[in-house]
Amino acid sequence: MTQNTADRRKEVAKSGYYDIYIEIDCDCEELVDACGLEYEEVADDSTQNEICISLDKDEFTDVVKDASLSWTLDGRLPSEQDIACAILNAELSEYTTKVTVYQPNGNIISFS
């Protein structure tokens, strides 16, 4: 586990929020900028930017329900694109390559 990951786990445990890190192709920076979202370059991959969204338990539950709708409709498990679509929008979800959720209990959920 990198120090960055350890720090993220500690921070969400303190805050009680779900921190969701969405890795998105840097080719769509203009679209991300147009949505007014803050991002930074992924440390080990200059082709990806990372957007962090913090949600409380109720907001996170709503996202999971929205993403699970795709699973119900077409019989597959939710993907990183489904999660990004539920949090951001359908257009940005097409550029999403990975989603990592840091839960308040210390667990991590990763979609890639």
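Model, not experiment: these values are computed from the prediction.
In this structure, Cys35 SG and Leu88 CG are separated by 7.5 Å, a value rounded to the nearest 0.5 Å. Annotation: the span from Ile109 atom CD1 to Gln103 atom CD amounts to 4.0 Å, rounded to 0.5 Å. Of the inter-residue distances, the one linking Leu31 atom CG with Asp25 atom CG reads 11.5 Å to the nearest 0.5 angstrom. The CD1 atom of Ile20 sits 4.0 Å away from atom CG of Leu55, with the distance rounded to the nearest 0.5 Å. To the nearest 0.5 Å, atoms CD1 (Ile87) and CD1 (Ile22) are separated by 4.5 Å. Separation of atoms CZ (Phe111) and CD1 (Ile83) is listed at 4.0 Å; rounding is to 0.5 Å.
Looking at residues two or more places apart in sequence or on another chain, you find a side chain to side chain donor-acceptor pair (under 3.5 Å) between Tyr39 and Asp33. Take Glu41 and apply the side chain to side chain contact (heavy atoms under 4.5 Å, CB included) test, not counting sequence neighbours, and it matches Ser46, Asn49. In this view, Glu23 satisfies the side chain to side chain donor-acceptor pair (under 3.5 Å) rule with no residue, not counting sequence neighbours. Remark: Ser110 engages no residue in a side chain to side chain donor-acceptor pair (under 3.5 Å) (not counting sequence neighbours). For Glu80, there are no side chain to side chain donor-acceptor pair (under 3.5 Å) partners two or more places apart in sequence or in a different chain.
Of the possible polar contacts, none joining the Thr96 side chain to the Lys98 backbone as a donor-acceptor pair under 3.5 Å is found. Looking at Asp82, its side chain does come within 3.5 Å of a backbone N or O of Ser79 through a donor-acceptor pair.
Linking Ile, Leu, Val, Met, Phe, Trp and Tyr whenever their side-chain heavy atoms come within less than 4.5 Å puts Val64 and Val101 in one cluster. Tracing side-chain contacts under 4.5 Å through hydrophobic residues (I, L, V, M, F, W, Y), one reaches Tyr95 starting from Leu37; they form part of the same cluster.
The number of heavy atoms from other shown groups lying within 6.0 Å of CD (Glu29) is above 12.
For residues 54-64, every residue pair satisfying the side-chain hydrogen bond (donor to acceptor under 3.5 Å, both in side chains) rule, not counting sequence neighbours, is listed here: Asp19-Ser54.
The two residues Ala90 and Cys85 have their closest heavy-atom pair at CA-SG, 3.7 Å. Taking every heavy atom of both residues into account, Gly16 and Pro104 meet most closely at O-CG, 3.4 Å. Counting all heavy atoms, side chain and backbone alike, Asp45 lies closest to Thr47 at OD1-OG1, 2.6 Å.
Under the 30°/60° scheme for interplanar angles, the aromatic rings of Tyr18 and Phe60 are found to lie parallel.
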